[in-house]
Amino acid sequence: MIPFEPNLSTLAVARDLLLTPFGLDEGKLLKTLGSMFTHKVDYADLYFQFTKNEGWSLEEGIVKTGSFSIDQGVGVRAISGDKTAFAYSDDISERALMEAAAATRTIGRAGAGKIKVASGMTQVGGRSLYLPHDPLTSLDATAKVKLLERLEKMARAKDPRVVQVMAGLAGEYDVVLVVRSDGVLAADIRPLVRVSLTVIAEQDGRREVGSSGGGGRYDYGYFSDELLEQYAEDAVKSAIVNLDARPAPAGPMTVVLGPGWPGILLHEAIGHGLEGDFNRKGSSTFSGRIGERVAAKGVTVVDDGTLKDRRGSLNIDDEGNPSQCTTLIEDGILKGYIQDTMNARLMKMPVTGNARRESFAHLPMPRMTNTYMLGGDKDPGEILASVKNGLYAVNFGGGQVDITNGKFVFSASEAYMIEDGKITYPVKGATLIGNGPDVLNRVSMIGNDMKLDSGVGVCGKEGQSVPVGVGQPTLRLDGVTVGGTA
């Protein structure tokens, strides 16, 4: 386990950015929280945030766009039972705080409740999973442009059939400060960088697309030439393979999923259904099923916000709780859900450190961090050799799921046919169709090659986007419905 380490320098940075310039101190924050408790409120918090973002994109050999933004503000929330009131302001001042607090009192009846706001603040430490870099200052503008130009040259050099290259570089410096009515004061500095690459290859009038990229909670120094070469190799290979792809067959068949990014299927088809809010409301296919078998033996799925430098990791969640590694499914048995404070309290379950919000202008919800399936004992070669006739899905594009019944549809962006235990030819247009709980029970072999994605995941829920990670080993699934174009 990674120890909790109160990071006082992080708290000092957060104070200097979010409190001191506006004449705010702990006394004024407690006064704001206390004003909400003149009504019957169970809990209240303040979420201060300062964010710098930039994005650079290259197309046709030149940088076409460059963007930069700074955003800051505070979200004010009060909870009474299962009711939530929320207001936010990009004006961080005592007056704005008090006005927002007054707006949130509407959910509670007048007259003080039994719960009182804390009389003082206690600094709570989170984890130390990443350095508090400001990525935007780690390279100057010229070096950022040169990085994209190098990446484009690498991609074009891989194959003469590459006719177009689009590359992007993005960075974020995010400082958050959480102040809670129970006296908790917690802060985090969250760097985030990402490179994305898309190539188009052409042969005999046919055009195909390949993409790759990666990143994490680093500064731009993470993107070594070796790593950029790997992104170029992966994107070009994907496009070139698809130039020779045949239409995918349709029908039920054995499917082998590759390691790493194919875990996006796990994230969508199973992960969302294990979020606490859906289960408290009874709308998830997994509601009320803790202790039941929901997957084949050997299937263990965790949500782990404690991985070092990963895109989905957090030192604290957006309610100030340290992130955790939560076992959701163990050897096929449902063990728990992903929880924020409110849903955990109402369900009488432990808080798991999964409260996440897109920004100060959004409410927190239980959300995934890095969700992955643990490895098994099978060699990936053995898994492929065991398949007489089937599909090998290496990479996925888009997908969607209905959490009420777990039904999903996913499109494979790179896939091959398996014949007599050997990978034969690439196919295009393959979609996997099924439902999460059912597909988990179709897992018959689990590889020993668990791998996390390269750091590109973005998860959407109720209009909010947050960075996430996914992962899995090579998996054999029996009798999965494949939609094809043949």
SB check D453 R310 (cutoff 4.0 Å)
yes
Flag the pair R356 and D318 as a salt bridge only when some basic side-chain nitrogen lies within less than 4.0 angstrom of an acidic carboxylate oxygen.
no
Do [X] and [Y] have side-chain atoms, one donor and one acceptor, less than 3.5 Å apart?
X: D277; Y: Y337; answer: no
X: D45; Y: Y47; answer: no
X: D91; Y: S89; answer: no
X: N405; Y: T285; answer: no
X: T65; Y: S57; answer: yes

Identify the two heavy atoms, one from [X] and one from [Y], that lie closest to each other, and give their separation to 0.1 Å.
X: S238; Y: S413; answer: OG-O, 4.4 Å
X: S283; Y: S287; answer: N-OG, 3.8 Å
X: N441; Y: A296; answer: OD1-N, 3.6 Å
X: P135; Y: Y218; answer: CG-O, 3.6 Å
X: L177; Y: A187; answer: CD1-CB, 3.9 Å
X: S465; Y: E358; answer: N-OE1, 2.8 Å

Using modelled atom types only, decide if a donor and an acceptor are shared between the side chain of [X] and the backbone of [Y] within a distance under 3.5 Å.
X: D303; Y: L328; value: no
X: D402; Y: F408; value: no
X: S181; Y: A44; value: yes
X: D331; Y: G298; value: yes
X: R194; Y: G213; value: no
X: R217; Y: S313; value: yes
X: D25; Y: G27; value: yes
X: R105; Y: M36; value: no
X: Q49; Y: G73; value: no
X: R442; Y: V480; value: no

If I take atom [atom1] from residue [X] and atom [atom2] from residue [Y], how far apart are they, to the nearest 0.5 angstrom?
X: H272; Y: C459; atom1: NE2; atom2: SG; result: 3.5 Å
X: L17; Y: I189; atom1: CG; atom2: CD1; result: 8.0 Å
X: N395; Y: W261; atom1: CG; atom2: CH2; result: 8.5 Å
X: F410; Y: I433; atom1: CZ; atom2: CD1; result: 12.0 Å
X: Q324; Y: I338; atom1: CD; atom2: CD1; result: 11.5 Å
X: K461; Y: M365; atom1: NZ; atom2: CE; result: 5.5 Å

Do [X] and [Y] have side chains that approach each other closer than 4.5 Å (heavy atoms only, starting at C-beta)?
X: V470; Y: L266; value: no
X: M373; Y: V299; value: yes
X: T10; Y: N315; value: no
X: D340; Y: D317; value: no
X: E462; Y: L363; value: no
X: N370; Y: V302; value: no
X: T51; Y: E172; value: yes
X: L257; Y: L432; value: yes

Should the pair K28 and F22 be classed as cation-pi, given the thresholds of under 6.0 Å to the six-membered ring centre and 45° from the axis?
no
Kindly determine whether Y130 and D188 satisfy side chain to side chain donor-acceptor pair (under 3.5 Å), including the steps that lead there.
CA-CA 10 Å; Y130 34 84; D188 197 10; 2.7 Å; yes
Candidate pair H362 and Y88, rule side chain to side chain contact (heavy atoms under 4.5 Å, CB included), full reasoning
CA-CA 8 Å; H362 298 82; Y88 68 91; over 6 Å; no
Between N435 and D438, does a side chain to side chain donor-acceptor pair (under 3.5 Å) hold up when you go through it step by step?
CA-CA 5 Å; N435 84 52; D438 176 66; 5.3 Å; no
Output, in order, the C-alpha distance, side-chain angles, deciding distance and verdict of salt bridge (charged side-chain N to carboxylate O under 4.0 Å, His left out) for R15 and E26.
CA-CA 10 Å; R15 284 180 191 276; E26 290 180 12; 2.9 Å; yes
Evaluate whether atom NZ of K52 has more than 12 neighbouring non-hydrogen atoms of other residues, nucleotides or ligands under 6.0 angstrom away.
yes
Checking side chain to side chain contact (heavy atoms under 4.5 Å, CB included) for the pair I329/K335: CA distance, chi angles, key distance, verdict?
CA-CA 5 Å; I329 298 170; K335 291 292 185 179; over 6 Å; no
The test is side chain to side chain contact (heavy atoms under 4.5 Å, CB included); show your working for V74 and F360 and say whether it passes.
CA-CA 5 Å; V74 59; F360 68 87; 5.7 Å; no
Quick one: do L265 and Q472 satisfy side chain to side chain contact (heavy atoms under 4.5 Å, CB included)? Show the steps, please.
CA-CA 10 Å; L265 189 148; Q472 67 172 44; 5.6 Å; no
